[in-house]
A.B. asks: 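Submitted below is the structure of interest, expressed as structure tokens.
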Amino acid sequence: MIRLVLFDIDGTLLHTGGVGIKAFARAFATEFGIAHGADKLKFAGRTDVSLVREFFMFQNIEQSPENFDRFFAAYLHWLQQFIPDCAGGACQGVIEFYHELRALPEPPLTGLLTGNIKRGARIKLERFNLWEKFPFGGFADDHEERPHIAAAALRRGSEQFGRDLRGEEVLVIGDTPLDIHCGRAIGAKVLAVATGGATLEELQKHNPDWAVPDLTHISAAQFVA
């Protein structure tokens with residue numbers, strides 16, 4: 001039985017109309033004087049920290065803790081500025097799927113497994129009244145690489161559940177091949193949704209347990225119960 005369901009955010013839970021990328025670009029410009037700094041970066045499935053490190057490498061900027069702090073302070077400021085007017089919302093089927101999970105006789109825990117830093121995740125999810133549905137998770141603050149973020153989310157889920165959860169008791173839901181791979185890193189089952197970073201055909205090539213166009217195409221009871 002699935003005891004823990006971990007959701008990616010961007011392209012899986014919600015769309016924000018690219019506001020995160022916009023905030024990245026504005027932070028690069030205001031803090032480091034580099035316009036179009038986000039243009040060469042591929043965001044889908046990546047972690048915030050790895051994206052900033054790649055930007056620093058491209059621009060020959062020192063990868064110091066102080067520069068990371070400068071960037072993220074500016075990023076969070078701009079994200080807060082842009083998020084109220086963003087065009088977006090929950091991905092198709094997300095709200096219904098969540099309520100299906102909660103209505104199961106033994107509902108699993110629900111958490112986050114995301115490449116966002118925690119404060120950025122909160123800003124995005126609060127905009128669409130989703131933050132309170134996910135009381136814990138793994139974030140880019142935990143580690144730069146997604147498999148380690150997955151391990152942090154699993155550890156917190158186990159603490160919430162009261163015992164160590166096995167991989168086969170965990171379901172990871174994501175929209176990119178990187179989400180599939182980080183789920184596999186903790187031995188989890190993976191549900192891939194083609195609502196964000198990759199097509200259904202691209203996702204199927206990475207052998208998730210399930211791949212669907214969106215969460216309206218599968219019932220929580222099919223695999224969680």
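Throughout, residue positions are numbered sequentially from 1 according to the sequence presented.
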A.B. asks: I'd like to check Arg127 versus Lys124 (side-chain heavy atoms, cut-off strictly below 4.5 Å). Are they in contact?
C.D. replies: no
A.B. asks: Could Glu54 and Arg46 be called an ion pair, given the rule that one side-chain N must be under 4.0 Å from one carboxylate O?
C.D. replies: yes
A.B. asks: Can a salt bridge be assigned to the pair Asp142 and Lys118 using a cut-off of 4.0 Å between side-chain N and carboxylate O?
C.D. replies: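 No, this pair does not count.
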A.B. asks: Could you check whether any side-chain N or O of Gln80 sits under 3.5 Å from a backbone N or O of His77, counting only pairs where one atom can act as donor and the other as acceptor?
C.D. replies: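 Answer holds: no.
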A.B. asks: When you measure from the centre of the six-membered ring of Phe97, is the NZ or CZ of Arg102 under 6.0 Å away and within 45° of the axis?
C.D. replies: no
A.B. asks: Can you tell me if Thr12 and Asp175 form a side-chain donor-acceptor pair at under 3.5 Å?
C.D. replies: yes
A.B. asks: When you compare the side chain of Phe32 with that of Asn67, does any pair of heavy atoms fall below 4.5 Å?
C.D. replies: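 Of all side-chain heavy-atom pairs linking Phe32 with Asn67, at least one is under 4.5 Å.
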A.B. asks: What closest approach, in Å, do Cys182 and Ala150 show between heavy atoms, and which atom pair accounts for it?
C.D. replies: O-CB, 3.6 Å
A.B. asks: Which atom names give the shortest non-hydrogen contact between Lys133 and Thr110, and what distance separates them?
C.D. replies: O-OG1, 3.1 Å
A.B. asks: Do any N or O atoms from the side chain of Arg26 and from the backbone of Trp78 form a donor-acceptor pair under 3.5 angstrom?
C.D. replies: no
A.B. asks: So, the side chain of Asp209 versus the backbone of Val190: is there a donor-acceptor pair under 3.5 Å, distance only?
C.D. replies: yes
A.B. asks: Would you call Glu169 and Arg163 a salt bridge, taking side-chain N to carboxylate O under 4.0 Å as the test?
C.D. replies: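 Counted as a salt bridge, because a side-chain N and a carboxylate O are separated by less than 4.0 Å.
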A.B. asks: Answer yes or no: does atom CZ of Arg70 have more than 12 heavy-atom neighbours from other residues, nucleotides or ligands under 6.0 Å?
C.D. replies: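 Correct, the count exceeds 12.
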A.B. asks: Return yes if some donor-acceptor pair links the side-chain N/O of His15 with the main-chain N/O of Gly17 below 3.5 Å, else return no.
C.D. replies: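 Checked: no pair found.
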